Each structure stands twice: as structure tokens, then as C-alpha cells.
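The shown structure was predicted, so the numbers you read here are calculated from the model rather than taken from an experiment. A note on names: the letters A, B, ... follow the listed sequences, proteins ahead of strands, and every chain is numbered from 1.
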Amino acid sequence: MRIVAILSAIAAISAGIIVLLGYFVSIPPLPDLRLLLTDWAILIAGMAVLVGIYNLVAVQMEKIRTRQKGGAYGALLVLSLIITFGFGLLLGPEDPWMRLAVEAVIVPVEAALMAILAVTLIYASIRLFQRRMDVMSVLFLLAAVVFMLAIMPTPFGPIPGDWFILLVEGAIARGGARGLLIGIALGTLLTGLRVLFGMDRPYGGN
Amino acid sequence: MIALGLLGFAALLLLGLTLWRRRSRAILRPIDAYERLNRAVGLAVEMGTRLHISLGRGSLATTRGGSALAGLAMLRRLAERTSASDRPPVVTSGDAALAILSQDTLQSGYRVAGAQEQYRFSTGRLTGLTPFSYAAGSMSVEHDENVSANVVIGDLGMESALIAEASDRENSSLIAASDDLSAQTIFYVSAQEPLIGEELFAAGAYVGAGASHEGSLLVQDILRWLIIITILAGSFLKFLGMI
Amino acid sequence: MLQIGEKPTKKNTGELEPILPEWLRDVRQQARESAEENAAQEAAQPKVQKNEPPDLLAGLASQAGADDDAIPDWLAGINPATAAKPSESPAREPAPSMAQDDRLSLMGEPEDLSDVREEKDELSEWFSRASEQPGEPFTFEPGESQDDLDLMSNLDASAASLQQPAPPKEEEDLGWLHDLEASAKRSAEPSAPRQDLGSMPDNASSQPSSGGEDLSWLNNLGGISEPSQPFDQPQGKPVPAQPAAPQEDLSWLDNLGRTEPSQPTQPPAAQEDLSWLDNLGGTSELPQPEPARPSSDVPDSSSPILSPRRTAPLSEEAENESLPEWLKSATEEPSMPPLGAGALSWFASHDLDGNQPAATQESSASLSGEMPGLSEETPSPPFGQAQETGGSTPSSESLPASNQDVDALFSMDVPDWLSNPESGVSDVSLQGAEISPAEAGASLAPVELPSWVQAMRPVEAFISEAAAGTEDQAPEREGPLAGLRGVIPLLPIGSSRRPKALSLTLQATDEQQAGAALLEQILAGETAARPLVTSSSVASQNVLRWVLTGLVMVVLGAMIGLRSQSMPVSTALPVEVSAASNAIANIPEGAPVLVVVDYEPALAGELEAVSGPLLDNMVLLRHPNLSFLSTSPNGSALVERLVSNTKINGPAPEGLGYQPGVQYFNLGYLPGGSAGVLAFIQSPQTAIPAADVENFSQYAAVIVLTDHAESGRVWVEQLDARKQSDPALASQPLLMVASAQAGPLLQPYVSSRQVAGMISGLPDAARYESVNNVPPGIARTYWDAFGIGLLLAIILITFGSLWSLFTGIRLRRAGAE
Amino acid sequence: MSLDLLSAIFGLIFTLMVFSYLLGDNPLFRVAVYIFVGVSSGYAATVVWHYVLVPKLFEPLRDPNQLVILVIPLILCFSLLAKLTPRISWIGNFAMAVLVGVGAAAAIGGAVLGTLIPQVQAAIDAFDFRAAPSASDAFFGLLSGIVMLMGTVFTLGYFHFSAERAADGKIRRNRVFELIASIGRIFIAITFGVLFAGVYMSALTAMIERLGFVINFFRQFIGI
């Protein structure tokens, strides 16, 4: 097993370094190798979806078999998944019947889930002071409310001074967002480097 | 060229600081959310309750994989620490490859902890292949599995509001971070102590995942100030019209 | 007779689950929501100590039950440090007993616990010799800091540490350090205390946070290998002691001290408790007929002897046990130690007669050292009460487990005569009332205790009487046993043969009564308040949800039902919107345009409303050939919906009459994220055979409809990289149509000119629509409802937050009062 | 019955079932959600099969020349099936390792080329007023540039992780860093406030769309 871990690490590091060099160095054949390896990764991720589907079904079947809480709902999930996947394999995703699955189930449920956030977000912001009563929370809610005020259409047109609010808050938000994005990029960079150095090996190696 | 230089510099710093950190531990600023996480882990072990760890839906074949890798590093450590628990944590993901990796990570963690028998394939779950189906599946886990704490770390978008709402309804603790700013905003308003910005990538260091995680935080600090200095100097020179 | 291995631990844990998570939440909320918790809130802590131990024992039992021998091994295996760093603690016994191993590995910090054992032994010895020393109360701290029972004090310490530091406590801690050093010098193994000191800062520094000692304690629970070197642990490398140890030691002590300010009024009572304990403590050491032997001599059979420390709190007596411990944490002074442990030490001390192994003597000695006096007189309640009055306590659910475990423990290694410890108490307590303080003082003479230990034997005849009597008795009204029932069994006076032995406990001084009264008061506050608060808060939360739902649905429904379009739309275009408008105007007539559908079905409604004006304007103005490419799996199915809702494929005159496969193409799904995008940019027809162009630069414009800043970023980054090698792409505008939540995140790319123009959210779309005279579409239809919805949200958030703020402040004031 | 009507009826039913969650978690909501998870997962798997595996893996196998190139990914892909059996799941580790390695490299490339360099460049370019059409534009540009610069710098500085142990034993950052962090916290709070407004507007638009769908359905049903 140890040799497997070592070979896996070698595979990950070499693939990663080739792709990374393909990003920054345009010396042939690095860019082509990068595309080839990313294609492989896409294929592996695609095959992983089939394994994941099995996992999804197996977990629900286990719930049904052991009569766990929600087992009956699990049966619904498995049934709908198998029917959709079965028909999808036969008919293809562009078939009108498959589009029906999207139009009749996926879009309505997702859109409705998104819609209920219009209530739950208000609820969460009302309860914010019950969670944290500090100046940052006050600033947060103040900024949100003022920004919505500046955006809000009224029967008399936009509120006076809306442009100034949008200018100042927009500038602050752009600056803050830029700082956050740069920070996240730094974190991503270092996380990726840890994997490329074999310090993190989530692929089964210790 | 600049990018390659930055990359090489970061790599060298990471190697050096990691080696250094193996000799002396870094002192990092306290982050309330991670203190809460460490308490939640210990209490879940102690009380026999379930920990729900959600790794988001960042596909590793895309650029969104960074946060997923950070979540996996944290998961590995949490797996070791919860290996003595009556109820092993449930790990949910919205990406199939990530779900497989979460199973591998759980197995590795338990193996190192000498508790292989704790591993069940059903503890590393794919709850959906699209963002909202993943969130909906995770809501069900929160509802059905007697979860005492939800640790949501990874790539999530607006669907994170559903997970936060379910956690609130189930009255379970929520420790959440995402690399997406919309999700961070939602967690900022929903979680007791929000994890914002790059704090997501500090998860490993704060749960004790090793010197490399500490080292990478120090490299982040060094690069951070280099970038700040570059921006300030560049802005000034640009204002003067010198560049 | 039941064996430990036969305990169905999961069942026990399952019984506890309904209680524990709720308690956990309550304690968390107390720790978080209030900076200065009042006594009633802090009273939640006894529940911790009351409820936690069963799980600890359950954990042990379950492992035993699952696999008598293997499980301790793997539990021990949880801590590679034991294998990785054998020489790290030279003073430690080389081979701890299986039971210790088991326990220690569950705690995950063998060094510390073995150290604790040593330390407690020294402390107890020190107690027995110098019980009048004023500084000695603090000598409880080290032992307790590593005691698995002070979970809540650890939790609250870290919680309180977020609120307030406690410099004075630090000095006390330093004083305690000196005391510890002093006691260490007197101890048989001088190196042990230093080792403890060395190990404590390691624990404290195991987490870099202010709650360090709390986190290290949690690491112990989690069974991680090296709480003292958490970051190096995965490498499994032993790390030498840190030079910063003293500092970290201070911080650890500081963390201990942090809880002090939360109970400024209690110390006097606590002090009294301590002095009282110390008086009793004089006798506690004496049962030890011999010094502690290395635990390597200890046979495995000692395991059940150690475990009851966790079992005891399950019983009614556990409550009593936890109360003084809790009172300690409430008063933030080291106070009355856990009676359960005392019970154990008493139990162990009697076991000495029953060929008790050396390690057990050692630990029992240390325990009795921790809680002198109690070790003698309190043991009877744990067992007698556990079986009879446990049901009347809040922890009644956990009672069966505790009884089984306790019985099992007795049945395993303990001589039968010891399995009924009440007898000792029954007659002890019986006599207590008659004993004068003078006699009590005399009873503390060391020489008397061994005889008392031996004299325990004949008393077993009283057990049944005592047990039967307890149910009928009224609870004690005063003294340290206040609120307990059956501690003093109704037995005929004279049934005891040792009037002097344990008489002191029943001598309640005024201070003890004050402490007990405070305890009762706090207990009453705790038991009364919690259920009401939670139920009402849950109800109010649901009501709030329903009210918000009703308001939003009714108001928006009315606006949509009325089809109101009365609100004017501003004609002032934001810079990025006008830039997008200009870019559309510059697209050549009939040129191919790539439209990337990169949003989830959840946001289809918004993205269709936001992209409609731009797409309609472009089709009306330039009649381009549209190629729809999806980078999300569901995207390709959303294309048809998009073109129909934006009336692109609708029949004229209402629609724009575009035909699929003629004026617009659905290229389908492009997998692979950035790699897929790069592949498509490099060679569209290779990536998607159905692509209508050979070269990406043939697209006159790229319009990305996205709900996610990351998706936009992928296109930005890949196009930027490609533009460096393909100058033809430089003139190709990249336009973003973004969801309102993604817009601000894409702004940096707009201001960096990587994105030529952007429409983000309904307001931009409505403005674009009205400025460019696009036929009114979805954006205009939604506009009025959007305005009213925003107004409603502003009002609800503002007044709701003010209400939240007001109630929060009121609660804090109430708490302060 | 046309597919459009069928999808409208199902859409209405599922929308109302999901809305019932606002009254509390209930079986209707859970039925809708579980069916949704099954259907969306099945559809996504279908898309992956038809758009990824078939065109990129299976169809090219017909061409012997492609076979040589595809043999490695083919082996890697099928080795993943070993993950279905824990006993031999290690066989799939190589495939996952390649995926993780490529993903890490993609993440690094995206972070450096997609965010770090462009964002730093954009922060600097905000002070380029040579193209400003008027003095007032230049003034407002400068004002906004300064605010953005402060926002970027203080927000970035807020996250500084390294700290030190103070004399009182508490762990805290250097005073300068603490000052920067406390200012950065203000920018972060305002930034999140603005982002929250955006998030809410998206949710509100979705709510309007769903309510509009329900109301229009009944309106057409009644014939108004």
C-alpha cells in the first residue's frame, strides 16, 4: 500500500507540474501537454460522476434497508434518479422529454428554493443582532439598507443623492472585494502549491 | 514572467517556512470560528453526536478546486480527531470527484488513527451534482442525522443560504467558509462567527493539520505585504504618471 | 454478574443524545451571547459535568463491549505520540496498565494524564501534610485543569477569554506554580511536577488561540496524537520542548484565570469550602498504607477501578458530585472537588484491603488528596442514590446506564463486601450529628484512619436498610449535603461502630451553609429558566418566519397581480452599462456572437430578465448569429427557455423570429471549466464539433450570462491569456450579464477593463431597456414589484434589527441585574 | 396534453411544495426536494455521459490512432470503478491523483493569472487619469480610486495571520497590524453589506419570477 501512495503522489505531482508549466511557459510541448492532461482530468471527473451516482444511490438504499430516518424519501430519490438517468442515456439530454424534466422539476424547484431566500435572508438579517451585537454588524446592515435604498425604484424616481451613495459604497465594495479576491487567490495559490509539493495528499496517500 | 517569478518565490518560501515550522510552531491570531470548530469536534466526540462536514461543490477539474483541496486537508485532520467518536462525521459534497476524495481522506485519517473500522462508505456522500441539489441533499443530512455541528468549508454559492437556514432550523452550530463572496456574505449574516475571505484556507493550520499549513499562512502574510507595497507604490507612480 | 464489556454503550449514548446536544447548545449560547454571564446561566455547567461522564464511560464500555482487548489497543493507537516519543517523559511509568492505557488513549494525552497521576499524588501528600497552608487551594488548579470533568470550565474559560482577561488571577496562578514547585520538592519524584509544567504549556500552546487550553483539552478528547505539537503531529516527528514554554505556561494559567471575573462575588464562599475541605483533608491521605508503586506493576484488572470516575455523575450523587465542582467554576476559585472522584478514591482506598493494585492506590491516593474528607464520607451517596433517587434528578435519563456501569464495576474486581459502600456512609452519616468539633479534630488523627478502613467491613449489614430508607427521606436543608436525599440513612443510632470516623461532614459551618444556599439558589435559577427560554424562542422564531413569509408573499403577489408598471425607470446609465450598450452598437451586422449560458436554473428567472434587454437590443439592432454555449450541465436545457422568454425565437411581430439552427445555435455543454474554456478558445470546433466558427476570433463579441463571479473570472482569465498570443482577440469585446449578487464581484474586472461592459441585476437591465428603447420585456414587468419588494425588505430589516437590538440590550441588562 | 402544459402543472406543484418550507420543514417540501435531487443528478449524469464520456472517450476509440492516446485515460477512468469496492479502492488512487494534481495546477494558474496579477494591475490603473475627459471626472476618479485603494489595502491587511504572545499571555497581532485590521474590518463589513444587497436582489427577483409564474398560471387557468 505504501508503494501505491508513493506512486500516486508521483502521478499527482508530475501531472500538476506539467499543467502548471503549461500555464506559464509557452515552450512546446508544454501547452499541448497541459491541454492533454486537463482533458484526461475532465474524463476522470466525468467517470467520477458515474461513481458518485452509485454512491448517491447506495447511500439512499442503505437508508431504506436499515429503515433510517428519511428512508422513504430516499426511495423517491433513487426512483427519480434511475428514471431520469435511464431515459437520459437512451434519449439524450436534448430530447423534449428530458427537457420536460428540466422545465417541470429542476427549474421550478431550484427557482423556488432561490425564491425562499428572499424571506430567509430577511429573517437572518433580523436575527443578526441576536447572534452578534457589534459595530461590524451595525455597519453591515446599515450598508446593505442604504445600498438597497439607493437602488430602490420609487414612484418618484430614485431617491435624492442615490448616485453619491452608489459611488461611495460602490468604491468601498469594489476595493473590499478586490482585497478579498486577492486574499482568496493567495490562499488558493498556497493550497495548490502544498498539493504540488506532496504536502497534502487527499488521493488516498497518507 | 512576473507570474512565474511570483510562483517560484512562493514555492521557495513555502518549502523554507514549512521546514522551519517543523522546529518551532507558529503563533497565529485567534479566529473565533476555528475555536468553535475545535470545541465542536471535541464535544461531538464526547457527546456522541454527529458532525456534518460539507466540502462544497468545487470541481477539481476547474479553478474552483482550491477551496475543495483546503477543505480536504481540514477533513483529514478532523477524521483523525473524531476517530474515537461513537458517530463518525458525515461528509457531504456537491462534486463526484470530491466525494470520492472525501472517502479516501476519511479512510486515511481513520487508518492513521488506528480506527479503520470507523470508516463507512456512507459517511462520504455525494448529495447532488448541481449546486442546489447538493444544498438540498445537505439540508436533508442536517435534518436526519442528529447533527450537532455543521462545518461547511469549500466552494459554495448562494445555495449556501439553504444550508445555513437548515442549520438554524435544526438549531445546530454552523462553522462555514466559502471562496465565493456571495456565500461569505450569507454566512456573515447567518453564522455565529463568520469565516471570511482567505480564512477558509487557514482551516488546516487552525485544526492542527501540520507545519506545511502553518508555513503557507506565513507565506500568505509575506506575499500579502509584498502585494500591498506593490499596489501602493504602483498607484503612486501611476498617479505621478511615471508608469 | 455484569461485565464492563457487556455494556450496550451505544444504547446508553442514544439515551443521552436528547439531552446532551441541547445542553451543548445552551452552554455555547451562554458562552457566546453574554459577556458577563449571571449565576443562573453559569448553572448550566453542572449539567455538563453531570451529563458528560456517562458518555465517557459509555465510550469505554462500548469499546470493551465491541472488543475487550483490541479496542484499547486501537484507542491507544490513536496517539502515535506514545509510540513516537517514548522518551519524552522520563518520569512516566514505562508501561501503564491496560485500564490506564484505555482511559489515557481515550483522552488522547497519555503524557499529561500520567503526569496528572503523579502530580495528584504529590498534591495529596502535600495536602495531608500542610492542610492549613493558605495558598493550597490553588493546588487544585493543575489537577483540575487536566481533569476530564472540568469540560465546562474549560469551555467557559475560552468563552470568557474572548470577553475579559484576568491579570490578578495570573498572579495567583504564578503563586500556584510556586506551590507546585514546593510540593514537587517534597514529593518522592521531584521530576514529575517539572514535567507537568513542561507538559502544560505544551497543551496551552497546542492551539494558537486564546482558548488554547480549551482547544488542547478538546484535542485530548478528539484523541489526537500530540496536542502539544498539533502542527507537527501529522509528520509524526517528536518535537523538543519549546523555549517559549514559560510564556505558554503563563498563557495557560491566564486562560485558567480568565473565568475569574465572571463570578466576582463568590470567592469568599469558595474559600470557606476549601478550608473546610482542607480540614477534612487531613485524614484523606492516611488510608495509604504504602507509597505509590510504579504502575507497571498494575494488572489490567484495575481498569474498572479507574472508570467509575466517569460513571459516578450519572447517578443522583453525580449531581452532588458535580455541584461543588461546578460551584468551583461558578465562583472561579478552586473549590470543593468532585465527590464522584472522592467516592472513587474512597472506593479505591478501601480496595487497598482487597489487594488493590498499586496504581489504583496511587490514583486513589491522589484523588483523595484532591478531595480530602469527601473521599471518606461522600462515597455512599454515589451508589445508594444512584439506584434510588436518580429518577428525581434532571439527569434521570442517564441513570440506568450509570447504575449498570457501577454495578458492573463492583462486580468485576471489587470484593463483594465493597460493592455496598453505603454502609460506610450510613453509619458515618448517622454518627455525624452527634460528633462535636473537638471530636472531629481528634478524628483527623492519621492513626485512626487505617482502623476506619478495616472497620468498613462489618457494616455491610446496614446497606439494605440505608437503601430502603433513602426514598422516604426528605432532602437535606442545609450544609454541604443540602438538597440531597438519603445521604443520612434512617438507621438506629448506635448501629455504627466508628462514631469518630467521618463525622465532620455533617458539621456545617455558616460559610458552608452560605455556600450551599448559594448553590441551591443557582440550581433553582438553572432548572427554572432554561426550558421556558428555549421553547419561547423557538416559537417566536417560527412566528417571525411566518409573519415575514406572509408579508413578502402578499405584497409581492399584489404587485404582480395588479401588473403595475407605474414606477419610472432612471435613464442614467452606469458606466459599465453604457459601455455594454456601445459595444453592442459596434457589433458588425449579422456577425456571429457567442452567448455563454453559465448560470444555474435557480437564477434562470433573473438572468432571463437581465439579459433580455441586451439580447433583444442586439438582435434588433445587428441581427447577429447567436451561438449559445453552456458551461454548466443544466445550461444547455436553459437555452431554449432563454430564447423563448426573451422572445428571440418567437414569431413576429411579438417575437424576433429567430430560427434554431439558422440564426441561433445551441452548441450544448462545454465541460472542464477553465480547461474547457481554453480548449474552446484555442479551437472551437475541436472542443465542440457543432461550433459554427473555426477560429474563436471570428466571434464579434462574447457575452457571458453568469450568476457566479468565478465563472466570469474563468472567461476573463482565459481570454486574457489568449489575447497575448492572438492579437485578433484584442478587439473582441467581452460583455458580462450578471446576476445582482455576482455584479459587484465582477466590478474589479470591469474597472480593470478586462470586461468591456456589464449589466448586473434588474436595475441595470431596466435602465438599459428604457434607454435603448427596447420593447418592454421581463425587466419592466418585474420593476414595480422589485421596488416594493426592496422597500419591504428595507423596512423589515431596519425595524426587525432595531427590535433585535433592543431585546438584546434588554436581555443583557436583565442578565447583569 | 402538451408538454408545455404538463411542465407548467408540474412546475406549479413543485413550486408550491417548496414554498411550503417557509411554514416549516414538512413532508411536501422533502418530497419535492428528494425528487429534485434525483432528477437533477440524473440529468447532470446524462449530460456528462453524452457531452463528456461518449464524445471524448468512447467514440474516439473507434479510431485506432486515437486508441494510443486514449489508452491511459481509459485505464485511469476504469480504475475509478475500483472505488466502488473499498477493498480494492486503492486502484483508483492513481486516477484521483492525476485529477488532484491537474486541479491544483489549474487552481494556481487561475489564481495567479486570473486574479492576482490582473487585480493588482487594476488597483494601480485606477490612478491613471490621463484619459479622464474632464477635471471633475478626474477628481471623482481620484476620490473613488483612493477609497478603493484603502479598501483593498486594509481589507488585505486585515487577514494577516501571524501574531505574537503579549506580556499578559494573550495572543494578538502587532499593534500596527491590529490597527490596519480594525480599519479593514470596517471595509469588509461595508463590502459584505453591499454584496448582501446584491444577494437579496437576486433572491427577490427569483421570488417575483416564481410568484409571477404561479399567478399567471391561475390567471390563464381561470381565463382572466
Side-chain angles (χ1 to χ4, degrees), chain A residues 20 23-25 38 41-42 44-45 48-53 55-56 58-59 62-63 68-70 73 77 106 109-110 113-114 116-117 120-121 123-125 127-128 131-132 140 177 179-184 186-197 199-206, chain B residues 3-4 7 10-11 14-15 18 59-61 66-67 69-70 72-73 76 96-97 99-101 104-105 107-108 111-112 121-122 125-127 129 132 135-136 140 143-144 158 161-162 164-165 168 179 181 184 186 188-192 196-198 200-201 210 212-213 216 219-220 223-224 227:
Chain A
L20 194 59
Y23 261 103
F24 297 99
V25 184
T38 42
I42 292 166
I44 293 168
V49 166
L50 301 186
V51 178
I53 288 291
N55 172 271
L56 189 55
V59 167
E62 171 114 342
K63 279 171 77 175
Q68 289 177 32
K69 196 177 175 185
Y73 300 115
L77 189 155
I106 297 176
V109 172
E110 280 206 19
L113 284 171
M114 184 73 199
I116 61 177
L117 299 189
T120 57
L121 288 177
Y123 173 76
S125 44
R127 288 199 61 207
L128 177 59
R131 294 193 177 89
R132 296 193 306 277
F140 169 83
L180 290 167
L181 287 173
I182 291 175
I184 290 168
L186 282 176
T188 308
L189 166 66
L190 270 299
T191 304
L193 283 176
R194 277 204 311 271
V195 172
L196 292 190
F197 284 138
M199 296 165 172
D200 287 351
R201 298 187 296 277
Y203 34 82
N206 291 347
Chain B
L4 204 57
L7 194 62
L14 178 61
L15 285 174
T18 301
S59 168
L60 288 170
S67 54
L69 292 171
L72 285 168
R76 163 60 189 272
I100 295 172
L101 285 172
D104 292 343
T105 306
Q107 256 177 321
S108 302
R111 195 183 310 126
V112 168
F121 81 96
S122 58
R125 301 180 186 176
L126 174 75
T127 54
L129 285 171
F132 273 80
S140 308
H143 184 275
D144 294 341
M158 289 188 69
L162 295 172
E165 169 68 8
D168 187 65
D179 58 355
L181 296 193
Q184 286 183 29
I186 288 165
Y188 191 83
V189 81
S190 309
Q192 197 80 40
I196 54 180
E198 64 201 82
L200 177 153
F201 298 95
S212 64
H213 289 258
S216 52
V219 177
Q220 273 176 251
L223 293 180
R224 174 193 331 280
I227 288 171

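A search for ring-ring contact (aromatic ring centres under 6.0 Å, His included) contacts involving Tyr23(A) returns nothing, not counting sequence neighbours. Under the salt bridge (Lys or Arg N to Asp or Glu O under 4.0 Å) criterion, Glu198(B) pairs with Arg224(B), sequence neighbours left out.
In terms of heavy-atom pairs under 4.5 Å with chain B, the best-connected choice from Gln68(A), Glu62(A), Arg194(A), Met199(A) is Arg194(A). Most heavy-atom pairs under 4.5 Å with chain A: of the set Asp104(B), Leu14(B), Leu4(B), this distinction falls to Leu14(B). Taking Ile42(A), Leu50(A), Asp200(A), Val25(A) one by one and counting their heavy-atom pairs under 4.5 Å with chain B, the maximum is reached by Asp200(A). Among Ala58(A), Gly179(A), Ala41(A), the residue with the largest count of heavy-atom pairs under 4.5 Å with chain B is Ala58(A). Interface remark: of the candidates Leu181(A), Val49(A), Leu20(A), Val49(A) forms the most heavy-atom pairs closer than 4.5 Å to chain B. Interface summary for chain A: among Ser122(B), Ala161(B), Ser190(B), the most heavy-atom pairs under 4.5 angstrom belong to Ser190(B). Chosen from Ala164(B), Ala70(B), Ala73(B), Ala11(B), the residue pairing most often with chain A at heavy-atom distances under 4.5 Å is Ala11(B).
Thr38(A) does not touch chain B: none of its heavy atoms, backbone or side chain, sits under 4.5 Å away. The contact between Val51(A) and chain B is made entirely by side chain atoms (from C-beta outward), counting heavy-atom distances below 4.5 Å. Looking at Val109(A), there are no atoms closer than 4.5 Å to chain B (heavy atoms on both sides), in backbone or side chain. For Thr127(B), the part lying near chain A is the backbone, with the side chain staying farther off; criterion is any non-hydrogen pair under 4.5 Å. Of the two parts of Ile106(A), neither the backbone nor the side chain holds a non-hydrogen atom closer than 4.5 Å to a non-hydrogen atom of chain B. Only the side chain of Val195(A) comes within contact range of chain B, judged by heavy atoms closer than 4.5 Å. Contact annotation for Leu121(A): only side-chain heavy atoms (C-beta onward) come within less than 4.5 Å of a heavy atom of chain B. At a 4.5 Å heavy-atom cutoff, Leu77(A) makes no contact with chain B through either its backbone or its side chain. For a residue to count as touching a neighbouring chain, one of its non-hydrogen atoms must lie under 4.5 Å from one of that chain's; by this rule Ile182(A) touches chain B with the side chain only.
One finds the CG atom of Leu193(A) at 9.0 Å from the OG atom of Ser216(B) (value rounded to the nearest 0.5 Å).
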Show your reasoning for whether side-chain contact (heavy atoms from CB on, under 4.5 Å) applies to Phe197(A) and Thr18(B).
CA-CA 11 Å; Phe197(A) 284 138; Thr18(B) 301; over 6 Å; no
Applying side-chain contact (heavy atoms from CB on, under 4.5 Å) to Ile116(A) and Glu165(B), what does each step give before you reach the verdict?
CA-CA 10 Å; Ile116(A) 61 177; Glu165(B) 169 68 8; over 6 Å; no
Could you walk me through whether Leu200(B) and Ile184(A) satisfy the side-chain contact (heavy atoms from CB on, under 4.5 Å) test, starting with their C-alpha distance in whole Å, then the side-chain angles of each, then the deciding distance to 0.1 Å, before giving a yes or no?
CA-CA 8 Å; Leu200(B) 177 153; Ile184(A) 290 168; over 6 Å; no
Decide yes or no on side-chain contact (heavy atoms from CB on, under 4.5 Å) for Leu69(B) and Thr188(A), but give the supporting numbers first.
CA-CA 9 Å; Leu69(B) 292 171; Thr188(A) 308; over 6 Å; no
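In terms of heavy atoms, Ser125(A) sits closest to Val189(B) at CA-CG2, 3.6 Å. Considering all non-hydrogen atoms of both residues, Met158(B) and Met114(A) come closest at CE-CE, 2.7 Å. Contact record, Pro202(A) with Leu72(B): CB-CD1, 3.7 Å, taken as the closest heavy-atom pair. Considering every non-hydrogen atom in both Ile100(B) and Ala48(A), the closest pair reads CD1-CB, 3.9 Å. Across all their heavy atoms, Leu180(A) and Gly197(B) have their closest contact at CD2-CA, 3.8 Å. In this structure, Ala3(B) and Phe24(A) approach most closely via the heavy-atom pair CB-CE2, 3.3 Å.
In this structure, the side chain of Arg132(A) engages the main chain of Ala191(B) through a donor-acceptor pair within 3.5 Å.
Remark: of the listed residues Leu186(A), Leu189(A), Leu190(A), Leu190(A) is the sole one forming a side-chain contact (heavy atoms from CB on, under 4.5 Å) with Val219(B).
Here the side chains of Ile53(A) and Leu129(B) are in contact, with some heavy-atom distance below 4.5 Å.
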